[in-house]
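Everything below concerns the one structure shown next.
Note that ligands are numbered from 1 as they come in the structure, with each ligand's atoms numbered from 1 the same way.
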Amino acid sequence: MRMVDVITKKRDGGELTKEEIYFFVEGYTNGEIPDYQASALTMAIYFQGMTQEETATLTQAMVDSGETIDLSGIQGHKVDKHSTGGVGDKVTFIVGPLVASVGVPVAKMSGRGLGHTGGTLDKLESIDGLEIEMTKEKFIDNVNKHKLAVAGQTGNLAPADKKLYALRDVTGTVNSLPLIAGSIMSKKLASGADSIVLDVKTGSGAFMKTLEDSENLAREMVNIGNNLGRNTVAVISDMNQPLGYEVGNANEIKEAAKILQGENVEDLRTLSLEIASHMTVLAEVFETYEEAYEALAVNLENGKAFNCLRTLIEAQGGDVSMIDDMDKLPKAKYDIEVKAETDGYVSAIDAESIGIAAMYLGAGRATKDDQINHGVGITLNKKIGDPVQSGEALVVLHSDEEDAAASIEKVKSAYEITKEKVEKPTLIHNIIK
Ligand code: URA
């Protein structure tokens with residue numbers, strides 16, 4: 001087989017066979033196919049698209065390019081969740097313990113943050129001593145014992161995707177639905193769960209800005225999952241403003257822990273219950289979504305879900321007193337208010353700008369090697385639809401520097417205030433099964 005024939009076939013709108021897709025993925029991963037031919041093919045895919053079958057085959061080929069995590073040592077139906085990335089997204093810290101509280105095993109492999117979105121592992125490390133590196137045996141043992149473990153990704157998962165994603169990044173081919181869907185799903189499938197719930201964000205702070213694009217991406221991913229034998233459900237949720245009121249690390253853990261203690265931060269609690277409900281239905285613990293939602297809501301009130309968070313922290317060597325007394329969590333030196341300059345209603349909060357403002361404070365990484373400052377971050381006092389008066393604080397910056405001018409400017413540019421009353425945005429736009 002010659003790579004040039006695979007490229008021209010796709011360029012002319014043909015459907016690639018399994019052999020052709022594997023020839024490309026294997027050859028590119030082992031270095032036999034050069035970057036220039038791989039970029040020509042990804043560009044051809046960008047313009048011609050892929051059928052459902054081609055996309056599923058590409059995904060499976062990328063899974064097969066590396067190691068997969070064998071979770072068969074964990075008893076029960078393993079359900080994973082994945083978010084396409086948002087600002088203030090601390091849903092994993094709520095959903096993990098919540099789902100575990102009804103006996104569903106959650107074996108969560110997570111990553112670190114880069115740019116305007118934070119990483120699950122970085123946020124967890126706000127708790128002193130909490131260890132996210134562990135052997136595979138300990139990871140599986142913890143899930144069997146406590147129904148929940150969160151660890152850094154181990155093993156060489158989907159190396160073809162790693163190489164292709166880096167190539168797409170510099171050849172203008174990131175934004176192709178089959179390539180994005182295949183990329184995300186290859187990593188999820190290699191992580192070994194039986195079923196997957198995807199939280200596909202939509203809006204100004206999301207990878208996909210329009211509802212139509214987000215739904216199309218969700219459909220592609222659900223098709224891949226179902227085609228490859230994993231029940232997959234996608235929740236399309238709003239990212240036209242940060243989720244909840246806290247953006248950072250320790251402050252996000254605190255906000256999540258409060259939900260687990262029964263507090264109601266409306267959007268965060270609702271989305272967490274939504275995702276957890278689909279996860280537990282997929283795990284066949286509940287028959288219907290409604291039944292799941294009701295039972296899970298009870299576990300937010302009665303302390304069972306919070307106890308699962310405590311157990312996770314203890315099992316992974318973390319200082320659980322920091323969650324019992326949240327004043328012990330890392331805190332920044334200065335609280336700086338950013339005030340509204342007019343009266344009106346908040347009509348938009350650009351989530352990406354808020355994420356960048358938090359990164360400037362040290363809550364996120366501009367480059368891979370930056371250190372995270374767990375105590376800094378942003379508290380939003382006002383969200384879309386809220387009335388505001390001139391001089392009122394829109395947000396409070398938690399900063400270790402007295403001068404946070406760059407973050408202040410960024411936050412100011414993120415907020416739009418109008419005279420007319422504004423409706424609160426819809427949180428859950430669609431469910432795709
Ligand atoms: N995230 C991924 O992992 N892959 C993509 O292609 C896009 C976003």
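For the pair D5 and R2, the salt-bridge criterion is met [side-chain N within less than 4.0 Å of a carboxylate O]. With respect to D267 and K424, no salt bridge is recorded, no charged nitrogen being found less than 4.0 Å from a carboxylate O.
The protein atom (non-hydrogen) at minimum distance from atom 1 (N) of ligand 1 is Y165 OH, 3.3 Å. For atom 3 (O) of ligand 1, the nearest non-hydrogen atom of the protein is K187 NZ, 2.5 Å.
Under a 4.0 angstrom heavy-atom cut-off, I184 registers as being in contact with ligand 1.
Residue K383 places its NZ atom among more than 12 non-hydrogen atoms of other residues, nucleotides or ligands, all under 6.0 Å distant.
Judged purely by atom type and a 3.5 angstrom limit, T68 has no side-chain atom pairing as donor or acceptor with the backbone of D64.
Annotation for ligand 1: atoms under 4.0 Å from non-hydrogen atoms of S183 are 2 (C), 3 (O), 4 (N), 5 (C), 6 (O).
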